[in-house]
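The structure under discussion appears below in the form of structure tokens.
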Amino acid sequence: MAIKHFLQFSDFTLDEFEYVIERSRIIKRKFKNYEPHHPLVDRTLVMVFEKNSTRTRLSFEAGMHQLGGAAIYLNTRDSQLGRGEPVEDAAQVMSRMCDIIMVRTFGHDIIDRFAAHSRVPVINGLTNEHHPCQVLADVFTYIEHRGSIKGKTVAWIGDANNMLYSWLQAAQVFDFHVNVSTPKGYEIDQSLVAPSNTNYTFFPAPSDACAGADLVTTDVWTSMGYEEENAARLKAFDGWIVDTEKMKRANAEAIFMHCLPAHRGEEVAADVIDGPQSVVWDEAENRLHVQKALLEYLVLGKLE
């Protein structure tokens with residue numbers, strides 16, 4: 001099979017996502033039933049981290065082990081990348097010693113350059129512009145709880161960040177709609193959205209974006225790399241908290257998601273994230289299952 005990368009959500013077709021989602025169901029069921037599933041015996045995943053992580057490292061490392069393979073953690077502090085080795089050189093060397101690579105970095109151009117010189121599949125564990133693995137887990141979680149996401153409405157409340165851009169790509173693939181509400185000065189960068197994408201609508205008021213939504217989701221107001229802007233962001237995002245009043249405007253069966261870590265009292269009220277509509281813990285766990293399916297697919301292709 002030709003090398004297939006997963007660098008942004010639009011890299012896969014609907015057919016590919018449907019396959020990965022079905023494999024995620026099967027793999028999760030096996031995990032819950034303590035059934036061994038080792039399709040990646042003697043295969044190695046290299047994980048390259050330039051940004052800190054909890055869920056990404058744990059889900060990929062545990063997932064690869066559970067698939068029968070090995071996972072190697074590399075941080076720029078303890079690898080030659082931290083001493084200025086060109087990304088292109090690192091990709092050529094690493095990809096000759098393993099079967100698949102996950103990279104969590106800053107600018108998306110870095111992972112594009114890495115993938116262009118890799119002999120094995122590369123997965124985006126997060127860049128400043130895209131977070132496709134998280135949104136894949138989120139879509140899987142919605143389907144698990146409510147069925148097909150086609151034709152549904154997702155309300156995004158907060159910063160126009162990597163999560164939003166992956167949600168916008170997912171909306172095109174799965175044919176759902178995103179109601180977007182961002183504070184002034186933190187709007188969508190149109191260069192990161194396909195001109196053909198008509199699957200979203202902007203709402204100046206966050207409560208209006210929640211009206212009739214089937215899923216309400218948000219993220220921290222200050223993402224990694226933007227800590228110096230924290231004070232200004234706290235002021236600009238005043239009123240963008242997802243609270244019970246906003247959730248009441250969503251559909252009665254609406255669910256709440258957050259990619260975590262969360263700051264209760266800032267982007268989300270405690271009684272929302274810890275309340276009955278929240279599925280954040282299933283959402284976090286599902287990173288493990290969908291990424292196992294993703295690893296399996298990228299290394300082995302479709303299994304009969």
To the nearest 0.5 Å, tell me how far [X] [atom1] sits from [Y] [atom2].
X	Y	atom1	atom2	value
C98	L45	SG	CG	7.5 Å
D219	I157	CG	CD1	12.5 Å
S278	I273	OG	CD1	5.5 Å
E61	M102	CD	CE	9.5 Å

Would you say [X]'s side chain and [Y]'s backbone share a donor-acceptor pair under 3.5 angstrom?
X	Y	result
Y165	D189	yes
D214	K152	no
H5	L7	no
K292	L67	no
S53	R57	yes

For residues [X] and [Y], determine if any side-chain heavy atom of one lies less than 4.5 Å from a side-chain heavy atom of the other.
X	Y	result
L294	I123	yes
F60	L295	yes
F237	T182	no
T127	I110	no
L234	E266	yes
L126	T56	no
F140	I149	no
E144	N286	yes

What pair of heavy atoms forms the shortest contact from [X] to [Y], and how long is it?
X	Y	value
P183	A236	CB-O, 3.5 Å
T217	H258	OG1-N, 4.3 Å
A209	S181	CB-CB, 3.8 Å
K184	E187	CA-OE2, 3.3 Å
D159	Y186	OD1-CB, 3.8 Å
G107	E129	C-OE1, 3.7 Å

Using the test side chain to side chain contact (heavy atoms under 4.5 Å, CB included), find all partners of [X] that sit at least two apart in sequence or belong to another chain.
X	answer
A293	V20, R23, S24, I27
A250	A213, V216, A254
K30	I26, E35, H37

Report yes if the distance between the aromatic ring centroids of F9 and F17 is under 6.0 Å, otherwise no. yes
Are Y200 and H177 an aromatic pair by the rule of ring centers under 6.0 Å? no
Taking it one step at a time, do F6 and C133 satisfy side chain to side chain contact (heavy atoms under 4.5 Å, CB included)? CA-CA 9 Å; F6 188 56; C133 289; 4.2 Å; yes
Going by an N to O cut-off under 4.0 Å, is there a salt bridge joining K248 and D243? no
Presence of salt bridge, E16 and K4, under 4.0 angstrom: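 Looking at K4 and E16, the cut-off is met.
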Between V154 and N179, is the side chain to side chain contact (heavy atoms under 4.5 Å, CB included) condition met? List the steps. CA-CA 6 Å; V154 174; N179 289 352; over 6 Å; no
Test of understanding: with ring-ring contact (aromatic ring centres under 6.0 Å, His included), list the residues that count as partners of [X], not counting sequence neighbours.
X	value
F203	none
Y142	none
Y73	F49

Salt bridge (Lys or Arg N to Asp or Glu O under 4.0 Å) between R113 and E88, worked out: CA-CA 6 Å; R113 288 162 52 205; E88 294 80 1; 2.8 Å; yes
Output, in order, the C-alpha distance, side-chain angles, deciding distance and verdict of side chain to side chain contact (heavy atoms under 4.5 Å, CB included) for W156 and N161. CA-CA 11 Å; W156 175 266; N161 63 8; 3.4 Å; yes
Near N33 CG, under 6.0 Å, is it more than 12 heavy atoms from other residues, nucleotides or ligands?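 Buried by this count: over 12 neighbours within 6.0 Å.
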D238, CG atom: more than 12 neighbouring heavy atoms under 6.0 Å: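 Check fails, neighbour count at 12 or below.
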Side chains of S59 and E285: is there a donor and an acceptor less than 3.5 Å apart? no
Do H108 and N128 have side-chain atoms, one donor and one acceptor, less than 3.5 Å apart? no
[X]-[Y] co-clustered via ILVMFWY side chain contacts under 4.5 Å:
X	Y	answer
F256	W221	yes
M97	I100	no
W167	V242	no
L288	V279	no
V290	L260	no

Determine, step by step, whether D208 and K246 satisfy the salt bridge (Lys or Arg N to Asp or Glu O under 4.0 Å) criterion, reporting the C-alpha distance in whole Å, the side-chain angles of both residues, the deciding distance to 0.1 Å, and the verdict. CA-CA 8 Å; D208 291 340; K246 292 184 183 68; over 6 Å; no
Residue pair V46, L74: steps toward the side chain to side chain contact (heavy atoms under 4.5 Å, CB included) verdict: CA-CA 7 Å; V46 168; L74 290 178; 3.8 Å; yes
